[in-house]
There are 2 protein chains.
Amino acid sequence: MSDKKILIIEKASELFAKNGFDATSVQEITDACGISKGSFYLSFKSKESLLFSIFEYFSSKLIERIGSIYQMEIGPRERFEQFFVIQFEEIARYSDFILMQMREQTNPINEDMLGLMNDMRRKTYEAQESLLLNLYGEDIKEHMTDLVVILGGIVKGYIEIIVFNKGSLDYMGLAHYIVERIDSIVNGLSKPFLTTELLAGNGMCLGNQSVTTEELLNEIKLVKKEIADEDLLISLEVIEQELSITNYRKPVISGMLSNFKNNEQTEQLVRKLKKFLN
Amino acid sequence: MSDKKILIIEKASELFAKNGFDATSVQEITDACGISKGSFYLSFKSKESLLFSIFEYFSSKLIERIGSIYQMEIGPRERFEQFFVIQFEEIARYSDFILMQMREQTNPINEDMLGLMNDMRRKTYEAQESLLLNLYGEDIKEHMTDLVVILGGIVKGYIEIIVFNKGSLDYMGLAHYIVERIDSIVNGLSKPFLTTELLAGNGMCLGNQSVTTEELLNEIKLVKKEIADEDLLISLEVIEQELSITNYRKPVISGMLSNFKNNEQTEQLVRKLKKFLN
DNA sequence: TTGACAGATGACTGACCGGTCAGTTATTAT
DNA sequence: ATAATAACTGACCGGTCAGTCATCTGTCAA
């Protein structure tokens, strides 16, 4: 990722968070970056693809940090607290951009963005689940769905306060406080309210959703519009043709996929294709 | 409120909730209503004023219903549950439009809308506070801010589920479940985390904010653009002149205010002026 | 010094949107 | 039946914005 790209991402995310996506023009973004409008289109295919990159940039950071707490040598309670601290820090740092996107119904990119959002949600959910089980034992399994909703709600509630009082809150103290509240809730649990299916139907895709070839073909068509590299385009076309025939040859596809190493724009698609092949 | 206006409000709020405010053109709204674009401007001064009317329409309903639970002859616990049920019902009914607005940073009307939003938030906060105090006693007073944030978060969390599973959830059961969780939390409370000031600074304006004559004059100027009725315009101008002099005569203003009975567009302003006179 | 080329620029284009208004149709009054 | 009024229509306008492209600039090898 070039410096220019990162500069644009940082500035644009600030503006989007402040004024919203639609209300921020490309001109404003480039003015803030001190570059020309045309130069913007050297780094990003479109305003839409910038949004996608921003989300990718931030969500990958969040996912990475959440993954890192398992490397720490601390107890389950401290790990749980750390989980909250990371969410507070990242979301306060990147302003409410992520929140804005998670909330705003008007996501310009639907097909592509949804994958990333689900990825992030699933990662967060999985982390929450394992942390809760480690801390409170297997007994709470049937309450998992409710706990996740309640926990998510509480975090969102406090994040709103954090956003308005940027940096002036004691995240560690807050994390400790929240875990204490969860203690109380877990102690008082009786009969669950939500069933797992309700959450699953909630667009959260917690399990492994199966991907159809048609969906993949659609996504390939979209990604083709986003990339300029000739070699990658050829590879995509080969994959496209291969997927179109009934008995597609797996080695051909997986071979082609090796051409996409270290390319951010196709990362999502490649992940899906790999999952599809297995 | 005419049938046409209500039709537009209902259809537009659906579209806004689905696609966002900016992404929904007036043409789309009028197409959905089966009327012409020009006809839209017979009912509403602008797209912006439609948004204001929608918010007014829904928030007044919510506030009214929350007020009604105090007339019911039920215990404090049932009343608390009823408070949640109303929120679930109204917000599920009117889709996530209200949520969208509460979240979206890009509210087109800032000056006017903010008043309505604060009104609603204050009403909700006051209700929560009195319900909590009635149910758990005065001891929880110092925890009020935290409880309000936690409670609001939990409600929002479940509302997201409700929106995706429209109508298929047992609101009464959910309300009961949530109150049980609050029981646990209240039982386990130790030291509060948030102070009242933090919430107050959060744009929530829980106390009585004082209004300056300048702010009022600004708002009058804005409202003048919105209304067409000649008599009301004259009344507004008289109020404007009166407020501009240092020793304004209260009776003159309150007299003029009587001309605004049953006018929706000036409702907010009139309320503020009345508060200012007292 | 030159020429060639990648990177950067900003004037320009076409699409779209909020809002207007001259003209049409429906309704009511005389 | 006719006039008067109200309700409605959709072409049109000014303005904005995403995206394009002819042009420029700095660099560096020959």
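As the structure is a prediction and not an experimental result, all values here were calculated from the model.
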Margin query: Before you tell me yes or no, could you show the steps for A:Glu160 and B:Lys156 under salt bridge (charged side-chain N to carboxylate O under 4.0 Å, His left out), namely the whole-Å CA-CA distance, both residues' side-chain angles and the distance that decides it to 0.1 Å?
Written below: CA-CA 12 Å; A:Glu160 256 175 58; B:Lys156 273 186 204 164; 3.0 Å; yes
Note to self: How would you summarise protein contacts on nucleotides 22-27 of chain D per nucleotide, using B for base, S for sugar-phosphate only and - for none, with heavy-atom distances below 4.0 Å?
What the structure shows: ------
Note to self: Protein within reach of the bases, or only the backbone? For nucleotides 13-28 of chain C, mark each nucleotide 5' to 3' as B, S or -, using heavy atoms under 4.0 Å.
What the structure shows: ----SBBBB-------
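Shown here is A:Glu28, whose CD atom has more than 12 heavy atoms of other residues, nucleotides or ligands within 6.0 Å. Residue B:Gln27 qualifies as enclosed at atom CD: its count of foreign heavy atoms under 6.0 Å is above 12.
Checked by atom type and distance alone, the side chain of A:Lys47 pairs as donor or acceptor with a backbone atom of A:Thr24 at under 3.5 Å. A donor-acceptor pair under 3.5 Å is absent between the side-chain atoms of A:Lys4 and the main chain of A:Ile35, judged by distance alone.
B:Ile35 comes within 4.0 angstrom of the backbone, heavy atoms only, and of no base.
Summarising the geometry, the separation between CG on B:Leu7 and C1' on D:dC8 is reported as 14 Å, rounded to the nearest angstrom. Across the protein-nucleic acid pair, A:Asp31 atom CG and C:dG10 atom P stand 10 Å apart, rounded to whole Å.
Between the side chains of B:Glu10 and B:Tyr57, at least one donor N or O sits under 3.5 Å from an acceptor N or O.
Applying the salt bridge (Lys or Arg N to Asp or Glu O under 4.0 Å) test to A:Glu237 and every residue at least two apart in sequence or in another chain returns A:Lys224.
Between A:Ala127 and A:Ile66, the closest heavy-atom pair is CB-CG2, 3.7 Å.
At the phosphate of D:dA7, neither OP1 nor OP2 sits under 4.0 Å from any side-chain N or O atom of B:Lys4.
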